[in-house]
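For ligands, and for the atoms within them, numbers begin at 1 and follow the listed sequence.
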Amino acid sequence: ARTAHGDRGTVLDPGDTAGGSGSPGTETISAAELAEIGLRFEVDGEIATIVLDRPGKRNAQTSATWSALARIGENLPEQVRVVVVRGEGPSFSAGLDLSMFTPGGTPRQDSLATVAALDDDGFQRQVAEYQRGFLWLRRPDIVSIAAVQGHAIGAGFQLALSCDLRIVADDVKFCMKEPALGLVPDLTGTKPLVELVGVPRAIEICLTARTVGAAEAVQLGLAEMAVPGDELAQAVQDLAAALLATDRAAATATKRLLQGAPGRTLEEQSAAERAEQAARIRALFASS
Ligand code: CAA
């Protein structure tokens, strides 16, 4: 059963599961399983919150984190329109759990050494599975907001990038560490990064693995807003409330339209506007 959590809505009991009935073939995930992985999932009306909850390890992520994120996405309750992703403790996420990354060491079952031993098809499937945990955050029927404080390194930076919007605390430190470790960023972060800052700045940020702070993040468009750390939760809540004030069908259609714009010519985009508007106007007048 769901339990009331103060006046902030509901959280899942250990025996409860994330999501509603789930789509065919997808399994819901229990709060106890999530806790073991270092995640929490809370639903309060139309707002769902995913909490990275391994503060003692600076919310480092494992392959289990990514699989769990995918399952949360697959089973997201239908009423949810805003998904907040945040991290417990001083940092949003220190990225890949370095115990998975042991070149030359003794591989554990979920280590990158195990992935390295897969044939090409197996490798593709495995990494695509990891990426599934990030990609659903762009779905047009929801708006995802990353609330980012402290370090957001590697997979942490990419998780923030996989959200539609980023609100950051003034101590934020974004860092794309992968190239410095001999890797590439492959958790779906390169496209949003380039779309936000352009290819030259993305090259500079990734290949130097330098830290981007709050003021620069806002200036580059990496964050919508920077606020003092103790105002982060409120700023995210205010933004969620403002987003929820818009009609859901119009919000979904508009997000779909905006997301498609970079890949279309002006003429194609104009046609897409007409198609979305036809559906909207017909729906509005059919119900009036
Ligand atoms: N993996 C596993 N454990 C981590 C971790 C990580 N990525 N980051 C921090 N921790 C652990 C530390 O080992 C430490 O654990 P113990 O207390 O048990 O020793 C605990 O978290 C606290 O760490 P610090 O004392 O270092 O905390 P800090 O606040 O002073 O520093 C930090 C935070 C700057 C994030 C620092 O911990 C750090 O640099 N971590 C490593 C970051 C990193 O290199 N991540 C990999 C990015 S690449 C990537 O993500 C690749 C990919 O997607 C494929």
Side-chain angles (χ1 to χ4, degrees), residues 35-39 50-70 85-118 122-137 146-163 166 168-194 202-214 216-217 222 229 232:
E36 209 163 295
I37 293 163
L39 288 171
I50 296 169
V51 184
L52 305 170
D53 194 16
R54 290 177 79 202
K57 295 289 178 193
R58 299 301 180 263
N59 301 324
Q61 303 171 33
T62 66
S63 54
T65 314
W66 306 326
S67 298
L69 288 174
V85 182
R86 69 173 188 85
E88 206 63 79
S91 283
F92 178 74
S93 173
L96 180 75
D97 188 319
L98 290 172
S99 66
M100 280 181 71
F101 186 68
T102 50
T106 313
R108 48 180 246 203
Q109 202 201 341
D110 66 346
S111 78
L112 295 193
T114 311
V115 181
L118 296 170
F123 183 89
Q124 293 286 335
R125 268 199 307 277
Q126 185 65 74
V127 179
E129 172 65 19
Y130 296 161
Q131 292 171 330
R132 232 159 43 84
F134 295 70
L135 288 171
W136 67 269
L137 288 159
V148 191
Q149 82 287 5
H151 293 278
I153 304 176
F157 192 2
Q158 294 193 71
L159 182 57
L161 283 167
S162 72
C163 291
R166 282 147 295 281
V168 299
D170 50 16
D171 70 344
V172 78
K173 293 176 196 69
F174 287 116
C175 170
M176 201 64 93
K177 186 87 175 283
E178 286 83 345
L181 296 174
L183 300 168
V184 300
D186 69 341
L187 296 171
T188 78
T190 56
K191 189 167 173 66
L193 179 65
V194 164
I203 291 173
E204 183 262 323
I205 288 171
C206 293
L207 273 57
T208 64
R210 76 171 171 90
T211 292
V212 177
E216 187 185 5
L222 275 174
L232 183 60

Quiz item: If you measure from CZ on R54 to CG on L39, what distance do you get to the nearest 0.5 Å?
Solution: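 If we round to the nearest 0.5 Å, R54:CZ and L39:CG are 9.5 Å apart.
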Quiz item: Atom CZ of F157 and atom OG of S162: how far apart are they, to the nearest 0.5 Å?
Solution: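 Atom-to-atom, F157:CZ and S162:OG are 11.5 Å apart.
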Quiz item: Under a strict 4.0 Å criterion on non-hydrogen atoms, which protein residues are in contact with ligand 1?
Solution: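 Protein residues near ligand 1 are G56, K57, R58, A60, A94, G95, L96, D97, L98, H151, I153, G154, A155, K177, E178, L181, L187.
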Quiz item: Quick one: side chain to side chain contact (heavy atoms under 4.5 Å, CB included) partners of P55, sequence neighbours excluded?
Solution: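 Checked P55 against side chain to side chain contact (heavy atoms under 4.5 Å, CB included); matches are D53, N59, E88.
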Exercise. Report yes or no: do W66 and Q61 form a side-chain donor-acceptor pair below 3.5 Å?
Key: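 A donor-acceptor contact under 3.5 Å links the two side chains.
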Practice problem: Mind checking salt bridge (charged side-chain N to carboxylate O under 4.0 Å, His left out) for E36 and listing every partner two or more places apart, or none if nothing turns up? | Solution: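 So E36 forms no salt bridge (charged side-chain N to carboxylate O under 4.0 Å, His left out) with any residue.
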Below 3.5 Å, can you tabulate the donor-acceptor pairs from side chains in residues 174-186 to any protein atom, sequence neighbours excluded?
from, atom 1, to, atom 2, distance (Å)
E178, OE2, A155, N, 3.4
E178, OE2, Q158, NE2, 2.8

